[in-house]
A.B. asks: 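Once you've had a glance at the structure underneath, I'll fire off some questions.
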Amino acid sequence: MSYAAPGQTSNPFTKNLSDGVGQTAEIHHLSTKALLWGWFDVVHVHWPENLFRASGTVRNAIKTLCGVVFMLRLELFRTPIVYTKHNLTPHEQPGRLYGAMYRWVERRVRATVFLNESSQNNPAAGVTILHGDYPPLGGTRRQDPGAEGEKTILFFGLLRRYKGLETLIEAFASTTDPALRLRIRGSAIDRQYVSELTSLALADPRITFRPGFLDDPELERELADADLVVLPYVAIYNSGAALLALSRSRPILAPDGPSTRSLQAEVGESFVRLFGSSLSSEEITAAVDALDPTPEGTPDLSRRDWGIIGALHNRLYELVSSNRRLAPEALEAAVRRGVAADRRFVEHSVRNTLIAGSDDAGI
């Protein structure tokens, strides 16, 4: 796996995936030792930058050198790469040097995993294995009932400019309901951005802005107290925050797009409400007004069970590894045939039924 062994502060996606895959496969996580001396049947890359980049000038130079050695070893031993497409494009531009390195990784990819059923995904060019749900870490009973009639809107996650938090704050500040509350929680690397958001949030006493690391118990409490989770991004492709909110039966407000429309079709409009090109106060108000006053039931996320996801990944690794000596085009065609013939993939996502007969495209 092209990420370090998951720890307490890691993205929970990585821990859940490693646990699911690790039930029947031996996993090696990213480390200097693995890059230089590890031996693998398949390498699974999630975020290519993890292979080459690190914080600090010296550590970054060492990591880049280790990544280059690693890629040379993959070329020498013809080790195939499985690549999970987390984003359509990088959130930050990699620059010329690292852009060339990422393209080097792409040339060794023999199977691509899509985490959603977006119509943006070419089914002939990858396998759909959905992003998993998030098993509860504790109760989701509301901790703070608030005043009668209050409704709490929550944003949580890394505070990054592409997520449109300034738009969220400005749109919320334009709402007129005194019973609305907005809570923004999460950590940030960009101190200037935190300063800008702080100034905006101070203008409205209904907004609580608390930057900083959010541990699991705190996050569970925030979700328990939320009536609506908002994702104010300009555009969205995959979102762990959306799946975590839905796993806690919290409805979300997210930007309209192919991937969010597919998620809405999966769980229903009562759990996924979409806004247009830019989040507005009117859309926030409409989403709050549409909330069920006595919410019952949970969204059906049964296809996103990590046991299923782990089994599908392991089968994909088997298909790639068993055909690794074939030429790239022949290997990719063999994987396509194997996926199309395996009912587990077809039952998991209808998108996988479209992969059959696609011998003119890479996977």
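Bear in mind that the values here come from a model prediction, so they are computed numbers and not experimental data.
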A.B. asks: Is it the case that Tyr83 and His46 place a side-chain donor and acceptor less than 3.5 Å from each other?
C.D. replies: no
A.B. asks: Does the side chain of Thr84 pick up a donor-acceptor pair with the side chain of His44 at under 3.5 Å?
C.D. replies: yes
A.B. asks: So do Val43 and Leu74 actually touch side chain to side chain, heavy atoms under 4.5 Å?
C.D. replies: yes
A.B. asks: So, Glu222 and Arg248, do they make that salt bridge, N to O below 4.0 Å?
C.D. replies: no
A.B. asks: Just do the salt bridge (charged side-chain N to carboxylate O under 4.0 Å, His left out) check on Arg273 and Glu283 with the steps written out, would you?
C.D. replies: CA-CA 9 Å; Arg273 187 177 179 92; Glu283 284 169 307; over 6 Å; no
A.B. asks: According to salt bridge (charged side-chain N to carboxylate O under 4.0 Å, His left out), does anything in residues 8-29 pair up with another residue at least two apart or in another chain? List the pairs.
C.D. replies: Lys15-Asp19
A.B. asks: Show which side-chain atoms of residues 51-60 pair as donor or acceptor with protein atoms under 3.5 Å away, not counting sequence neighbours.
C.D. replies:
unit_1 : atom_1 : unit_2 : atom_2 : d
Ser55  : OG     : Arg59  : NH1    : 2.9
Arg59  : NH1    : Ser55  : O      : 3.1
Asn60  : OD1    : Ala54  : N      : 3.0
Asn60  : ND2    : Tyr98  : OH     : 2.8

A.B. asks: Suppose the criterion is salt bridge (charged side-chain N to carboxylate O under 4.0 Å, His left out): which pairs have a residue in residues 67-85, not counting sequence neighbours?
C.D. replies: Glu75-Arg108
A.B. asks: Any cation-pi pair here, Arg206 with Phe172, using under 6.0 Å and within 45°?
C.D. replies: yes
A.B. asks: Do Asn121 and Asn116 get their side chains close enough for a donor-acceptor pair, meaning under 3.5 Å?
C.D. replies: yes
A.B. asks: Can you tell me if Thr24 and Asn314 form a side-chain donor-acceptor pair at under 3.5 Å?
C.D. replies: yes
A.B. asks: Aromatic ring centroids of Trp306 and Phe13 under 6.0 Å?
C.D. replies: yes
A.B. asks: Can you list the residues that meet the side-chain contact (heavy atoms from CB on, under 4.5 Å) rule with Ser349, with sequence neighbours excluded?
C.D. replies: Glu117, Thr128, Arg303, Arg351, Asn352
A.B. asks: Among pairs that include at least one residue of residues 157-174, which meet salt bridge (charged side-chain N to carboxylate O under 4.0 Å, His left out), considering only residues two or more places apart or in two chains?
C.D. replies: Glu92-Arg160, Arg161-Asp190, Arg161-Glu196
A.B. asks: Quick one about Ser119 and Arg261 (side-chain donor to acceptor, distance below 3.5 Å, no hydrogens or angles considered), yes or no?
C.D. replies: no
A.B. asks: Parallel, tilted or perpendicular: which fits the ring planes of Phe77 and Trp39, with parallel below 30° and perpendicular above 60°?
C.D. replies: perpendicular
A.B. asks: Test of understanding: with side-chain contact (heavy atoms from CB on, under 4.5 Å), list the residues that count as partners of Leu202, not counting sequence neighbours.
C.D. replies: Thr198
